[in-house]
Amino acid sequence: MKFLNNFKNSVIEMASVLYMSLFVYAAASKLLEFENFQAQLGQSPILGAYTGILSYAVITSELILAVLLAFSKTRLFALYSGFGLMAMFTVYIVIILNFSSNIPCSCGGVLENMGWKQHLIFNIFFIVLAFSAIIFNSVNYKKSGAKLCVIMVAAAIVISVLYFRSEHIMQKENPFIRRFTPGSSRKISETKLHNNTLYFAGADSSGVYIADQKAPLHIFKYDTALKVKHHYKIQLDKTDFPFRSVQVKIIPPYFFVIDGTVPVIYRGKISDWKAKVLMSESGYYFSKAVAVDSLKISFRTQAEKSGENTLGLFSFENNLKSTLYPRLLQKQIDGVFDTDGMMNYSVESRAFVYVYYYRNQYIVTDDKLNLMYRDNTIDTMSRAAIKPVFIKDKGQRTLASPANAVNKLSTLRNTVLFVNSSVIGQYEPKEMWDTAVIVDAYNLSSRSYISSIYIYNSGGSKMKDMTVWGNSLYVIAGKYLQRYRLDKDLKIKTHNLSADSRGED
């Protein structure tokens, strides 16, 4: 009997000492690398939405329990609490391993070097240890065992609720916490370009088309492996226009040569690269355009009276028809700089998306520019932070000081919108912004944020253009062309958004 009592006391003492050591060590590790701990916790698919409060609550709980374990009067309560905490950690790992595509790390010190399965075994050992200590310290084994079972079930319920609630918050009510899924993108090829004035003109299943701002009629095509390069020269049937801002847009089998300052639009086929005038000197000046199909081009112009940006649609089905949609772009300050943005169109989903530069909003319409809905990117810049001025003697609008764009680049493929954001989110390592840019992905079908990826600098240059085809993200960074393979979660199946319910203007 004496031996049994000594054994029970030894187990209780050992459990108390090990738990106390674990909690002190874990709390200290987190405090010493607190920003890193918050960043890792922010990537958790279960706890990411609660990073702010949980990062402090976990450390505080561990330190309090370590103190309570040091005193005999509070030791039993601390063991129950420690059992509950370890139970929640264990359920967390089980969900991470079995139900999550994103496997983060939110531990510190030696524990960070453990694999998740090793960590699971480690946690189970401590659960068994606390269970044994509590039973040995109890007079009524059944009552204590029932309490422990209730705690285990409660831990499972709490973590499960947090998981489902966090998923909803991260996708629908995101508090600007980005999710970086390991392996969601991987650079698989790279090649050097001949200069740094190139941009993407289009893409198809066989590769990407690249145009040159300085030599706008020269087109280069690279295969998907970025190893085979073809050079084409566009032939125009008429060249006596005062060109100033030529852009090439390619939607196989057609291509368009566009200059809204003339204005003029050519159309041709990539089979011979010969283009004929589709529209010329019509009086319809425009600043941006994107091809919808062989007979329609969406464009952005300035309203005649107000000078504010307005979206419109050219149709060449019979005779030239121009239709304006003045209610699509929403003015905040001047209607010019505050509505400046990027135009994207997806042939597969027949969706047009306009992404504002200086605010966290984008507009989704069908191929006829009928509004479907407005939505927001995950950052919090809802109002354009710009100061426009008008210089009377020059008759020009300009900005009083350089403005920082919220969204720098965007591209659309099927129902996934990719946006290169320039705003740092919560709990993100600031040093990463010196070596990479961030691209956020959004599912237009479910109107939700998917995840984010890093695109690393190449040759000391950051990404300046991007396009997506299939499961490949193509990037131009300085004089380098790169191809990234995207995870299946970023490759949404073709879906016609025109069939979805539309929002109200």
Side-chain angles (χ1 to χ4, degrees), residues 178 180 184-185 187 190 193 196-203 208-213 245 247-250 287-291 298 300 309 337-346 351-364 375-379 381 384 386 402-425 428 432-444 449-469 472-484 486 490:
R178 287 191 171 95
F180 297 91
S184 60
S185 67
K187 186 169 72 173
E190 180 179 78
L193 301 170
N196 58 2
T197 59
L198 305 177
Y199 65 93
F200 289 114
V208 288
Y209 297 90
I210 295 178
D212 193 335
Q213 293 173 346
S245 181
Q247 292 283 305
V248 177
K249 308 290 183 181
I250 298 175
S287 53
K288 293 195 175 188
V290 63
S298 59
R300 192 188 71 187
N309 286 328
F337 291 104
D338 63 343
T339 57
D340 198 3
M342 299 159 280
M343 303 173 69
N344 304 274
Y345 182 75
S346 169
F352 170 83
V353 178
Y354 189 90
V355 182
Y356 289 106
Y357 279 127
Y358 302 112
R359 58 175 119 158
N360 66 342
Q361 189 182 67
Y362 59 89
I363 305 166
V364 182
D375 213 336
N376 299 97
T377 53
I378 60 174
D379 65 80
M381 304 287 288
I386 57 173
N404 293 323
V406 174
N407 304 308
K408 288 186 174 181
L409 294 169
S410 63
T411 188
L412 177 65
R413 176 65 178 161
N414 291 341
T415 56
V416 183
L417 174 66
F418 297 85
V419 179
N420 168 212
S421 172
S422 64
V423 185
I424 189 169
E428 291 177 17
M432 284 298 298
W433 287 75
D434 295 327
T435 60
V437 299
I438 287 177
V439 175
D440 303 318
Y442 302 88
N443 186 338
L444 300 185
Y449 164 68
I450 303 173
S451 66
S452 300
I453 56 178
Y454 285 117
I455 302 298
Y456 291 89
N457 302 347
S458 185
S461 299
K462 292 184 178 294
M463 178 181 72
K464 66 175 184 178
D465 200 7
M466 63 177 178
T467 192
V468 175
W469 185 273
S472 295
L473 170 65
Y474 295 93
V475 169
I476 294 178
K479 287 188 176 182
Y480 290 90
L481 171 62
Q482 304 170 331
R483 179 191 173 198
Y484 286 78
L486 299 175
L490 297 179

Using a 3.5 Å distance criterion without hydrogens, assess whether the side chain of [X] forms a donor-acceptor pair with backbone atoms of [Y].
| X | Y | answer |
| --- | --- | --- |
| Asn414 | Val416 | no |
| Asn420 | Ile438 | yes |
| Asn457 | Asp434 | yes |
| Lys288 | Asp340 | no |
| Asn360 | Asn376 | no |
| Ser287 | Arg300 | yes |
| Asp465 | Phe200 | yes |

More than 12 heavy atoms of other groups within 6.0 Å of Lys408 NZ: no
Indicate yes or no: at least one non-hydrogen side-chain atom of [X] is less than 4.5 angstrom from one of [Y].
| X | Y | value |
| --- | --- | --- |
| Arg178 | Tyr449 | yes |
| Val439 | Tyr484 | no |
| Tyr474 | Val468 | no |
| Tyr456 | Gln482 | no |
| Ile424 | Met432 | no |
| Val475 | Tyr480 | no |

Option passing side chain to side chain donor-acceptor pair (under 3.5 Å) with Ser458 (candidates Lys187, Glu190, Lys479): Glu190
Full working for side-chain contact (heavy atoms from CB on, under 4.5 Å) between Val364 and Leu417: CA-CA 10 Å; Val364 182; Leu417 174 66; over 6 Å; no
What heavy-atom pair brings [X] and [Y] nearest, and what distance separates the two atoms?
| X | Y | answer |
| --- | --- | --- |
| Met381 | Val423 | CG-CG2, 4.4 Å |
| Ser461 | Ala477 | O-CB, 3.8 Å |
| Arg483 | Ser472 | NE-OG, 2.8 Å |

Polar contact flag, side-chain donor to acceptor under 3.5 angstrom, Asp440-Ser452: yes
Interatomic spacing from [atom1] in [X] to [atom2] in [Y] - rounded to 0.5 Å:
| X | Y | atom1 | atom2 | value |
| --- | --- | --- | --- | --- |
| Leu473 | Met466 | CG | CE | 7.0 Å |
| Asn407 | Met342 | CG | CE | 5.0 Å |
| Tyr356 | Ile363 | OH | CD1 | 3.5 Å |
| Ser410 | Tyr354 | OG | OH | 10.0 Å |
| Leu412 | Thr467 | CG | OG1 | 9.5 Å |
| Thr339 | Gln361 | OG1 | CD | 11.0 Å |

Aromatic centroids of Phe337 and Tyr358 separated by under 6.0 Å: no
Plane angle bin for Tyr362 and Tyr442 - parallel if under 30°, tilted between 30 and 60°, otherwise perpendicular: tilted
